[in-house]
Asker: 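There's a structure below that I have some questions on.
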Amino acid sequence: MENEEKWKKAGELTWKAIEYGEKLIKPGKTYLEIAEAIEEFIKDNGGDTAFPPNMSRNKEAAHYSPGVDDDRVIGETDIIKLDCGVQIDGYIGDASKTIDLSGENGKLVEASEQALENAIALIKAGQDSRRISEEIEETIRSYGFEPIRNLGGHVISRWILHTGYSIPNAPAGNFKFEEDMIVAIEPFASTGRGLVHEGPETTIFMIEGKLRARNPISRKVYNYALEKYKTLPFNERYMLPVAKGFQLRVALRELSSTGSFHPYPILIDTGLVSQREVTVRVEKDGAVVLTK
Ligand code: CO
């Protein structure tokens with residue numbers, strides 16, 4: 001495959017970032033200091049974020065990444081989905097692991113891990129994506145939990161985290177896997193209803209459309225985001241070199257409301273959530289895990 005080594009390198013650094021972050025996660029520390037340490041680790045190792053480190057807590061399933069001045073402290077019993085993305089020259093790795101600080105959610109954690117393992121065993125060129133969704137749903141239900149059916153895996157290409165092909169955690173739609181496709185598989189298991197909704201808070205954004213904003217600060221924020229993050233998601237913190245405080249909030253709101261930026265609100269379910277994710281390369285007769 002063309003650029004096979006580059007996908008592998010991005011995948012390996014992604015998994016190193018997860019392992020590095022996992023060791024730092026301790027009750028009493030702030031989520032912000034962990035996120036900043038992971039970002040620094042990725043940069044020190046020759047990569048950049050493909051999206052801000054996510055540490056969605058408890059009923060949050062995805063898209064919690066500490067924002068500006070976030071002082072939230074890691075709790076004694078938090079169940080944290082550490083989800084990291086790394087890009088090197090646009091080649092992306094995407095992986096996650098659940099950290100259960102209470103130690104009381106072993107089965108919930110195992111459900112998403114087993115679902116991932118079963119799913120990967122079925123991936124090969126020509127396979128239906130629907131079959132993978134079925135396997136994830138069945139495995140998680142066999143543990144007595146609900147798969148989060150409005151979340152799922154996604155096909156990745158260079159500079160593009162979600163190409164539009166998705167592999168939901170319960171069957172919906174279908175496409176056929178092709179040789180050399182880069183795919184993230186990410187089962188989510190929940191003790192709740194298995195359907196996330198958007199919470200009130202957003203710290204992650206991505207460029208979605210042309211620059212449509214009058215405010216000079218908004219224009220500055222947009223141009224900086226375009227230059228630094230291109231087609232990949234970023235955190236509001238990443239805009240601090242060009243705007244701060246109230247002005248930054250106003251700019252993010254204006255750019256989101258005009259369709260220049262796509263906001264990614266925190267996604268929340270009604271129960272506790274676990275997640276496990278890897279990025280794989282599809283082969284003729286199987287799949288190779290890149291994020292390890
Ligand atoms: Co992903």
Side-chain angles (χ1 to χ4, degrees), residues 7-8 10-19 21-22 35 38-39 42 47-56 60-65 80-88 90-99 112-113 115-117 119-120 123 129 132-133 136 140 147-170 172-173 175 177 181-190 196 198 203-206 229 231-235 262-269 273-282 287-292:
W7 288 107
K8 196 170 159 235
E12 284 170 354
L13 182 53
T14 308
W15 190 245
K16 282 202 185 99
I18 296 272
E19 289 182 322
E22 184 183 9
I38 293 170
E39 287 158 357
I42 292 169
D48 208 336
T49 54
F51 55 82
N54 282 221
M55 283 178 278
S56 307
E60 294 169 350
H63 302 167
Y64 168 57
S65 180
I80 301 161
K81 280 67 69 181
L82 176 61
D83 190 340
C84 292
V86 167
Q87 65 94 355
I88 304 173
Y91 297 90
I92 296 168
D94 182 0
S96 81
K97 183 175 182 178
T98 297
I99 295 141
S112 52
E113 286 178 350
L116 178 66
E117 201 179 312
I120 291 171
I123 297 177
S129 68
I132 307 307
S133 297
I136 290 170
I140 290 171
I148 297 184
R149 56 192 184 275
N150 56 345
L151 288 177
H154 44 102
V155 175
I156 296 171
S157 65
R158 191 175 175 208
W159 291 112
I160 314 276
L161 193 55
H162 289 247
T163 59
Y165 288 99
S166 57
I167 305 105
N169 291 318
F175 68 89
F177 287 105
M181 253 184 181
I182 306 294
V183 187
I185 302 291
E186 48 182 318
F188 287 83
S190 171
V196 288
E198 294 184 350
T203 63
I204 301 172
F205 300 85
M206 190 174 79
Y229 300 99
T231 47
L232 293 170
F234 53 87
N235 190 286
H262 183 91
Y264 290 93
I266 297 177
L267 299 174
I268 307 168
D269 199 3
V273 176
S274 76
Q275 176 208 17
R276 177 79 170 90
E277 177 178 23
V278 292
T279 301
V280 304
R281 193 186 66 247
V282 180
V288 175
V289 175
L290 299 169
T291 49
K292 63 177 184 187

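Each residue takes its place number in the sequence, starting with 1. Both counts, for ligands and for their atoms, begin at 1 and track the order of listing.
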Asker: With no hydrogens and no angle check, is any side-chain donor or acceptor of Thr98 less than 3.5 Å from a backbone partner on Gln275?
Answerer: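 Between the backbone of Gln275 and the side chain of Thr98 there is a qualifying donor-acceptor contact (under 3.5 Å).
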Asker: Has the side chain of His63 got a donor or acceptor atom that lies under 3.5 Å from a matching backbone atom of Leu267?
Answerer: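 Checking the backbone N and O of Leu267 against the side chain of His63, no donor-acceptor pair under 3.5 Å is found.
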Asker: Would you check if the side chain of Ser190 reaches a backbone N or O of Ile148 as a donor-acceptor pair within less than 3.5 Å?
Answerer: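 Judged by distance alone, no pair lies under 3.5 Å.
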Asker: I'd like to know if the side chain of Thr279 and the backbone of Asp94 have a donor-acceptor N/O pair within less than 3.5 Å.
Answerer: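 Checked: pair present.
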Asker: Can Glu12 and Lys292 be counted as an ion pair, charged N to O under 4.0 angstrom?
Answerer: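 Salt bridge: no.
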Asker: Quick check against the 3.5 Å criterion: does Thr291 have a side-chain atom that pairs as donor or acceptor with the backbone of Ala95?
Answerer: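 No; zero donor-acceptor contacts below 3.5 Å.
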Asker: Under 2.8 Å from the Co ion (ligand 1), which protein N, O or S atoms do you find? Ignore water molecules.
Answerer: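 Near the Co ion (ligand 1), the protein supplies Asp94 OD2, His154 NE2, Glu186 OE2, Glu277 OE2.
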